Engineer: 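There's a structure below that I have some questions on.
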Amino acid sequence: MCAWVNERNAPELLEYEGTTLENLMELVDFQNQRIQSQPAVIANILKMDVDRVKYLVRSYLRTRLAKIEKYALHYTREPRYRDRLSQSELDYAKGFVALEEKHMRRSFLDQLPPHLRALDETTTNGLEMVPKPDVDSAVFCRVRTTVGEFQFDASEDPILMKRTNIFITRYSIIRDLLEDGKVELI
Amino acid sequence: MSKPGYYDIDDILAVQERVPCVLQVDLDGLGSAGGGGGTSKVYRNSRWTLPFWMADRLNEEDYVDMEVSPIFSKRANRMYAASPESVQLRSISQHYYQFGLQMGDLVPEIPHVLRNMYMQRIQKIARIAQQDHNIEAFDFVQSLDRTEARLLKLCQQAQGAIPEWQQNKAYTLTKTSAIP
Amino acid sequence: MLGDEAFRLAKEAKDITSAHIPVYNEEQVRLVTQETRYLWTRIEEMIASLNSNNKTTGATAEGSQLNTNGQTSLYILTAGRNKRCLLAYHHRRMEFLRSLLWSIHLAPSLVPPTLSQRLSPEEQNFSREYARLNSAYRDAVEDQLCPNDSLDWTANGELPPRDMFIEVRVVRDCGEIVTESGVVNLHVGTQHYLRRSDIEHLLTIGYLEHTNAV
Amino acid sequence: MAITTRQQEGFTMPELEYMAQCEDITIVPLHRMERLELMRALMLKRSNRCRIVAPEWLSYEHLHNLCKREDQPDSMFTKLPFHYLEIAQILLTNAEDDLIDSQGVRRLIQDLREVRQSKTREGLRMLNPLQLQMDNLSIAEINEIRPLFAHSFDMLRRLDELAGSSDVSRQQSQNMFADQSYSEFDDTFSSSYLNPE
């Protein structure tokens, strides 16, 4: 659940929680087997459980896909992000990049002069064509284990971060704390 | 609002805002007849308003001298600062903030001007998002630029979600809006 | 002015909402592409002429050379601007298509004709391939995570399961559907109490109406 | 998109309700007390197999005190469960008979929400592009203000960056303006632009 909420709120793609997913789905499989031998009342409860877990898994994976589509080219090129993708996600990202490019080419790009066909340049106005997540964007986070004095900015006084404190701040500032599990996004 | 991306339609529209320039060379293709390319010439030393995406770069290369857009002139800034809530931002520019962010490198005062304007006006946006509309609110809503209007809409959606759910309407499955 | 035609495409892209997409403007796309090609030809001519002038003429031609430099810059900027508008226009439309496809359970066949008329043949093609890309992904994930079960991959993502069964009224004939509890005939005007996951797609396209939200 | 535009701005209320159902709650099944997840309790409750024990904070008296404290000027947000709105709503809908004075409770929850809403609006004044502490806000309340606060935060951040970068480029722009004599600029730029006090 926490992985799902973090993923929903983080501007960039987080580590893939493969093991957690596998464990959850094993549980579903186990429940599914039990359902048949149970009376209707219990069976309904078990079915609901199964549906709830499936929703979580689905929503988690779809949240990731939405991000992957948005920054597909960047994620497939940067080793840091590539490592965070599951094999199926990597295939998906590559497929999506190819699909998008093909659509552009067939719609008009092939009709432009060859010099103008690139999709990964920096324009004369200094704009990068490849979309990248904005890691400085705002997130709400809650402290899970007391951090102590924490420097949000080099030029500011440190602030005490205690358990259950809530902050709105830049994602990049608390990214390490998130990775260490000291804060969660909300 | 995050940094504009290459594919950002709002940014594309914002940099179409025009700025006054004085040409330092003769340029073809700037007149109204120049759609197909190059029948309308404008000569050196003429004043001409150009879209920002064009003017900014030509200014850097000294082919034109770009001036500050009148919407960020000192007088305008002073005028707006007096009562940010009553400024008809939309009629000044649909992309006031986004355009301002682009012009910011050229006019050092812009960040300060925009900040004041924004901070004052979002207070009112927050209030309006919580209440039913009255006449005064209606006028204010009409004066919002695109950035603000979008923010108001998002606020109203987020605020409306709780009562909607409390009244048990959040679970109704409806036809998708994309299908006519 | 240069760039005005491309700007029209950007404005059309701005008009796209979750409930509306304008007809694909093939003519305008062609026009902008054509203008860009023309500009590029001129750019190449001017660069070529500058190179040859460099060798032959002296300071007297400096003024005209400066003009040509400026003109080249302007054309390069415009070509770049045109390209950005073209890409953003198509990109925004693809965004709409993806939203649409997800809302209709990634089944391009559910796109009604009134809508598919607004799409270019390439966009229809994109829709089909996008759906295929997704089912390949879904298959891979299901193989790995739940080989004996399905993830209901395309179910409504905004509503977690709460009511397993919901009450619906039939608005348009759907014929017979097979549910867990047997075959149901969905005839106009009739009401049914059915498992949500069995009929969600019929609600999304407006063939059924959700009547109890309790 | 694989998730909807609304979901990219936060959670839907049903999603929050879904999360809330994983919180623990006390029930009385056949005279014996037990603590289990809310959704389990609801299932038992629906089939009349238990009574739900209302959490302590969901009583008229407790909420009344909170309301009073919440209303004091310059007070912080009072402490409530992270999912208080969802849990209150779920219990008011599904276990009304297990609550004492459910009407009063319902009204107080609403009052509390309104006072807290106006407090968050005050908080908006203090928003800055580095950090703002907002302890004891519940997730539904955060979700409600998320678009406003997050987008505004990002806007302020960009303006800050711009102010910073023009500090650096001010030298250059000063030179740029010095190099070129625009009569128009003399009008639109006073020295105060170039030499901020």
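Reminder, nothing fancy here: chain letters follow the sequence lines and each chain counts from 1. These figures come from a predicted structure and were not determined experimentally.
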Engineer: Relative to chain B, which segment of D/Leu85 carries a heavy atom at a distance below 4.5 Å: side chain, backbone, both, or neither?
Structural biologist: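 Backbone plus side chain of D/Leu85, per the 4.5 Å heavy-atom cut-off to chain B.
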Engineer: For chain D, which candidate among B/Ile162, B/Leu151, B/Ile122 shows the most heavy-atom pairs at distances under 4.5 Å?
Structural biologist: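 Of the candidates given, the most pairs with chain D belong to B/Ile162.
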Engineer: Check whether D/Glu122 gets within reach of chain B through its side chain, its backbone, both or neither, counting any heavy atom under 4.5 Å.
Structural biologist: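 For D/Glu122, neither part sits under 4.5 Å from chain B.
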Engineer: Inspect the surroundings of CD in D/Glu56 and state if more than 12 heavy atoms from other residues, nucleotides or ligands are less than 6.0 Å away.
Structural biologist: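 12 or below, so no.
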Engineer: Should we count CD of D/Glu61 as having more than 12 external heavy atoms under 6.0 Å?
Structural biologist: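 Result for CD/D/Glu61: open.
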Engineer: Is it the case that over 12 heavy atoms from other parts of the model lie below 6.0 angstrom from the CZ atom of D/Arg6?
Structural biologist: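 12 or below, so no.
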Engineer: Within this structure, what is the CD-CG distance for the pair B/Gln166 and D/Leu92, rounded to the nearest 0.5 Å?
Structural biologist: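 Atom-to-atom, B/Gln166:CD and D/Leu92:CG are 9.5 Å apart.
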Engineer: Which region of D/Arg113, side chain (C-beta onward) or backbone (N, CA, C, O), has a non-hydrogen atom less than 4.5 Å from a non-hydrogen atom of chain B, or is it both or neither?
Structural biologist: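 Just its side chain gets close to chain B.
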Engineer: Does D/Leu36, at its CG atom, have more than 12 non-hydrogen atoms belonging to other residues, nucleotides or ligands within less than 6.0 Å?
Structural biologist: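 More than 12 within 6.0 Å, yes.
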Engineer: Between D/Met155 and B/Leu101, does the side-chain contact (heavy atoms from CB on, under 4.5 Å) criterion hold? Intermediate values first, please.
Structural biologist: CA-CA 10 Å; D/Met155 172 64 99; B/Leu101 284 165; 4.2 Å; yes
Engineer: Would you mind checking which part of B/Arg150 comes under 4.5 Å of any heavy atom in chain D, side chain (CB onward), backbone (N, CA, C, O), both or neither?
Structural biologist: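 The side chain, not the backbone.
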Engineer: Pick whichever of D/Leu16, D/Leu124, D/Thr12 has the most heavy-atom pairs under 4.5 Å with chain B.
Structural biologist: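 Heavy-atom pairs under 4.5 Å are most numerous for D/Leu124.
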Engineer: Do D/Arg158 and B/Pro4 make a side-chain contact, defined as non-hydrogen atoms from C-beta onward lying under 4.5 Å apart?
Structural biologist: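 D/Arg158 vs B/Pro4: side chains touch.
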Engineer: Atom OG in D/Ser118, atom CZ in B/Arg127: separation rounded to 0.5 Å?
Structural biologist: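 One gets 12.0 Å once the value is rounded to the nearest 0.5 Å.
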Engineer: Drop me the distance from D/Ser152's OG to B/Arg121's CZ, to the nearest 0.5 angstrom.
Structural biologist: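 If we round to the nearest 0.5 Å, D/Ser152:OG and B/Arg121:CZ are 13.0 Å apart.
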Engineer: Which atoms of B/Gln157 come close to chain D, meaning under 4.5 Å heavy atom to heavy atom: side chain ones, backbone ones, both, or neither?
Structural biologist: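 Looking at B/Gln157, nothing touches chain D.
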Engineer: Could you tell me which portion of D/Glu144 (side chain, backbone, both or neither) has an atom closer than 4.5 angstrom to a non-hydrogen atom of chain B?
Structural biologist: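 The answer is both parts of D/Glu144.
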Engineer: Would you tell me whether B/Trp165 and D/Gln89 have side-chain atoms, one donor and one acceptor, within less than 3.5 Å of each other?
Structural biologist: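 No, no side-chain donor-acceptor contact under 3.5 Å.
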Engineer: To the closest 0.5 Å, what do you measure between CG (D/Leu162) and CZ (B/Arg115)?
Structural biologist: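 Atom-to-atom, D/Leu162:CG and B/Arg115:CZ are 13.0 Å apart.
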Engineer: Heavy atoms only, distances under 4.5 angstrom: which of B/Ala126, B/Pro20, B/Ala129 has the most pairs with chain D? Name it, please.
Structural biologist: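 Answer, by heavy-atom pair count under 4.5 Å with chain D: B/Ala126.
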Engineer: Considering all heavy atoms of both residues, which atom of D/Leu127 and which atom of B/Met119 are nearest to each other, and what is their separation?
Structural biologist: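 Nearest heavy atoms, D/Leu127 then B/Met119: O-CE, 3.7 Å.
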Engineer: By a 4.5 Å heavy-atom criterion (distance strictly below it), what part of D/Leu156 contacts chain B: side chain, backbone, both, or neither?
Structural biologist: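 Side chain only.
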Engineer: Within the 4.5 Å heavy-atom criterion, are B/Glu164 and D/Met13 side-chain neighbours or not?
Structural biologist: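 SC-SC contact between B/Glu164 and D/Met13 ruled out.
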Engineer: Sort D/Glu114 into side chain, backbone, both or neither according to what part of it lies under 4.5 angstrom from a heavy atom of chain B.
Structural biologist: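 Contact with chain B involves no heavy atom of D/Glu114 at all.
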